[in-house]
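In each ligand, atom 1 is the first atom listed, and ligand 1 is the first ligand listed. The shown structure was predicted, so the numbers you read here are calculated from the model rather than taken from an experiment.
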Amino acid sequence: MEYTHLCLRGSLFLFSVLHYAHTEMSYSIAEELKPGSFIGNIPKDLGLDVGALSTRKARIEKGKNDRKYCDINLRTGDLFVAERIDREALCGEKHACVLKFELLFEAPLELHRINVQIQDINDNAPTFPKDVIKFEITESAGKGTRYRVNAAHDADIGPNDVQSYALQQNSNFVLNMQTTSEGRKYGELVLEKELDREEQRDIKLLLTALDGGSPQRSGTVVIHVIVLDANDNAPVFSQAVYEARLAENSPFKTVVITVSASDADEGVNGQVTYEFNQMSDKSRMMFSLDETTGQITVTGNIDFEEGYKYEMFVEAKDGYGLTSDAKVIILITDVNDNPPTISLKTLTNPVPENVSPGTEVGIFNVEDKDSEKNSQVRCSIQQNVPFKLVPSITSYYSLVTTDNLDREVVTIYNITIIATDEGSPPVSSITIFQIDISDVNDNPPVFEEQSYSSYVPENNKPGHSLCSVKAHDPDWRQNGTVIYSLLPGEVNGAPVSSYLSVNGDTGVIQSVRSFDYEQLRSFKVYVMARDNGSPPLSSNVTVSVFITDVNDNTPQILYPAPEGNSFMTELVPKGAQGGSLVSKVIAVDGDSGQNAWLSYQIIKSTDPGLFKIDLHSGEIRTQRDISDSDNMKQNIVVAVKDNGQPSLSATCSMFLLISDNLAEVPELKDMAYEDNGSKLTSYLIIALVSVSTFFLTFIIINLGLRFCRRRKPRLLFDGAVAIPSSYLPPNYADVDGTGTLRSAYNYDAYLTTGSRTSDFKFVTSYNDNTLPADQTLRKNPTDFEEVFGDHDVSPEVRQFHCTNF
Ligand SMILES: *[C@@H]1O[C@H](CO)[C@@H](O)[C@H](O)[C@H]1NC(C)=O
Ligand SMILES: *[C@@H]1O[C@H](CO)[C@@H](O)[C@H](O)[C@H]1NC(C)=O
Ligand SMILES: *[C@@H]1O[C@H](CO)[C@@H](O)[C@H](O)[C@H]1NC(C)=O
């Protein structure tokens, strides 16, 4: 009843109403009073009798809206609520809500106006137009962005209308209250913290609208914020750095690694593509990147030796161009695909055979392009060569001799060097090269025999070949070219060269003179074989010459003295018995052996039966007793014969006188078989032959001398004397290009009687005019002296010497 509020306005005015029957009465009530609720007492307010109402037939006329919200109790005069009065229905949002009635009196007719002011009560809660208010807000919306929320509606007015809003606590939005120009309050969502679709794609907030009534009423609405995607996320790689290992020589299309980036955004914003970024041209040729899958594959030849590490950046890009990148490191792992290389840096070739063991003859380098174990190389040289490898500074090796070399045994070595790396499987390479061993004059000529002997029959012709010596020298070319010569020496006081000569090339030894066994039975010479090296090496051998006997001496009878010189007479006693030694023929023979084995024979005797001679001893004995009848004078002729082939013989006569007394000796002359006439003839013949021989010899010598002077002067050598090749010009050996000395010396042997100088042989040198003077002559004076010194021959003499016969 609080709301039942009587209000009288202007009693003066009431009087006038009354007067004009036109009184206005105003009442104020709250809406929604129960029907029958008291509003006011009319009679009281009009100053009328209650009874008057019924008598005057007071009644309420319907208002404009044809509804009679109030009525009057005629009995009490009370004005009461006749039906529900809903202010909101009647007046809506109008602030002043007044129901106007007319109170009609009859008799007299009086019209009074009744204004019933309807007071609002908070009977309505705020309501929102929808249950859910949807907002679609892009996540890129900036801080402070405002979103108006439709105001809640409250049918009540005034303080009962919506007075405030309350927003559910949240992290992104706050509510800001605003009032429209009409004074309506509404809220604004203000973005206080940016949205992140990727964190929360929709947000539901409860918004409560509160009115100001008492009790307070509220209404809520759900604010549904849908966060729209913005391309606010760059793609993100799963790793900042990708590292992959790839074996070299991997085939094309080998997948190296797959990079992947994710993008939290949606749709196009989240579509990631990949591409290389910051990449060297070299890497670009090696790898390709699949734009969509992020797969990196091989497109080039992966060679560890050309690059063991590739670094590149991969960029991931989403549809609207946000990018990020990641580093990709591709490490190439080595495969043992390179064989070691062996390179010869220096090589002494040829190697002289006299280098001492341990001499370095070559240096080579071994390399392997691979790495680590694959590049560790071991080097070996084949067995059975006198060389070894000595590791030197890194990857260098020296080739060193391990033993003495001998060109005469092995001239060429094929050196095989094998380099093997330590990869698995190992790879190796082989180098073969040749080392030639060059000659050093280290071998003297060696004679085939330890000594030589030769047997030559005496009376040989000069120039007779006795034997030949042969020496071998295994050295190369001139170092192995053998030249023979006689070593100077003397035989019986004469130089050996007057006995023998040796052919420098062939080693054939010839006699220079005729030998006489009876004078010289044997002699020894030394033959030297010398090579042509520098310095030369030589060796010598003895050659023994044995002169063999020839039956050239007739037996010589010593006793009895040769016929004619004496008259040797032997006395034979008359009483001599058979077998008595009467005499002896003594003979000798200059020869020897069979040739001097003499035998005796009686070839003639006065009385053949009386004497006999011993075949071997030459003893003459009686064959029987002497008898008186035997002739006193006996003569026997004895022949002495040697045993040579043919045999030579001599004879002698012996006179035997059978007597006991020398006084009985008759004229012995008679006993000889005189042959004076024939002797004289022989003497004559001998004299004649001598004279003519002398004459002839003289003429021949004379002619010979003239002939010699006309001939070219000759360079003269003793054929038996050695001329070391070092005295020869260096190119001498190459004259014929075969490396052997051509026969440069002629050994012509002549034996003359007389001076020692004439015993030489003279030689024509083919070179004497063609040799460069400075080469030959520089040494010559002394050399010649050395060579010929023993022979009393001056060069001048030699120049013009000539012999003849
Ligand atoms: C060395 O190699 C050559 C070919 O290069 C060959 O003719 C020769 O027989 C080889 N010598 C040896 C001793 O193996
Ligand atoms: C002969 O040996 C010497 C060293 O003694 C050497 O210098 C020379 O080259 C050799 N000659 C030849 C043809 O090998
Ligand atoms: C000859 O050779 C021997 C050794 O065989 C040596 O002792 C001697 O000196 C040599 N003689 C000459 C003259 O060379």
Side-chain angles (χ1 to χ4, degrees), residues 342 344 347-356 359 361-362 381-387 399 403-418 430-452 469-491 495-497 500 502 504 507 523-544 718 720-726 728-741 786-787 789-790:
I342 304 169
L344 206 54
L347 181 64
T348 312
N349 201 10
V351 177
E353 59 177 325
N354 65 347
V355 296
S356 49
T359 305
V361 298
I381 188 169
Q382 88 264 38
Q383 300 293 308
N384 66 41
V385 289
F387 296 95
L399 185 64
D403 208 342
N404 288 312
L405 306 175
D406 191 353
R407 190 204 65 85
E408 284 72 53
V409 178
V410 183
T411 315
I412 293 171
Y413 288 99
N414 286 344
I415 304 293
T416 307
I417 288 176
I418 302 173
I430 294 183
T431 295
I432 299 176
F433 55 88
Q434 194 169 304
I435 291 184
D436 300 324
I437 307 302
S438 67
D439 190 43
V440 165
N441 192 19
D442 57 351
N443 287 288
V446 174
F447 282 98
E448 282 175 348
E449 309 282 337
Q450 289 204 317
S451 64
Y452 291 83
V469 294
K470 186 87 192 150
H472 296 282
D473 188 326
D475 288 324
W476 181 242
R477 297 242 160 126
Q478 61 259 48
N479 290 341
T481 305
V482 179
I483 298 161
Y484 304 95
S485 58
L486 280 179
L487 284 182
E490 287 195 346
V491 175
V496 286
S497 54
L500 294 178
V502 62
F523 58 93
K524 253 189 205 173
V525 294
Y526 291 91
V527 174
M528 179 172 77
R530 183 180 42 77
D531 60 31
N532 216 0
S534 169
L537 294 176
S538 64
S539 58
N540 62 56
V541 73
T542 55
V543 176
S544 307
D718 180 357
V721 171
I723 297 165
S725 69
S726 55
L728 294 171
N731 58 355
Y732 192 79
D734 298 326
V735 166
D736 65 0
T738 63
T740 51
L741 275 173
E786 281 171 46
V787 175
D790 291 346

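- When hydrogens are left out, the protein atom nearest atom 5 (O) of ligand 2 is Asn441 N, 3.0 Å; that is the closest non-hydrogen contact.
- Shortest non-hydrogen contact noted between Lys524 and Ser544 is CG-OG, 3.6 Å.
- Using cut-offs of 30° and 60° on the angle between ring planes, the pair Tyr452 and Phe447 is perpendicular.
- Separation of atoms CD (Glu353) and CH2 (Trp476) is listed at 12.0 Å; rounding is to 0.5 Å.
- Distance check for atom 14 (O) of ligand 3: a protein heavy atom is found below 4.0 Å.
- Inside a 4.0 Å radius of atom 2 (O) of ligand 3 there is at least one protein heavy atom.
- Within ligand 2, the atoms closer than 4.0 Å to a non-hydrogen atom of Arg477 are 13 (C), numbered from 1 in the order shown.
- Ligand 3 places these atoms under 4.0 Å from at least one heavy atom of Leu487: 12 (C), 13 (C).
- In this structure, a donor-acceptor pair under 3.5 Å is present between the side chains of Asn441 and Asp531.
- Screening Asn540, Val482, Val527 for a side chain to side chain contact (heavy atoms under 4.5 Å, CB included) with Val469, the sole residue that qualifies is Val527.
- Using a 3.5 Å distance cut-off with no hydrogens or angles, the side chains of Asn443 and Glu408 do pair a donor with an acceptor.
- Of the heavy atoms in Asp439, both backbone and side-chain atoms come closer than 4.0 Å to ligand 2.
- Shortest contact from atom 11 (N) of ligand 2 to any protein heavy atom: Asn479 ND2, 3.0 Å.
- At least one N or O atom of Asn414, backbone or side chain, sits closer than 3.5 Å to an N or O atom of ligand 1.
- The nearest pair of heavy atoms linking Asp473 to Asp475 is OD1-N, 2.9 Å.
- Near Asn540, meaning under 4.0 Å from one of its heavy atoms, ligand 3 places the atoms 1 (C), 2 (O), 3 (C), 8 (C), 10 (C), 11 (N), 12 (C), 14 (O).
- Counting only heavy atoms, the protein never gets under 4.0 Å from atom 9 (O) of ligand 1.
- If you number the atoms of ligand 2 from 1 as listed, the ones under 4.0 Å from a heavy atom of Gln478 come out as 13 (C).
- Taking only nitrogen or oxygen atoms, main chain and side chain alike, Trp476 does not reach within less than 3.5 Å of ligand 2.
- Side chains of Asp436 and Gln434: a donor on one and an acceptor on the other come within 3.5 Å.
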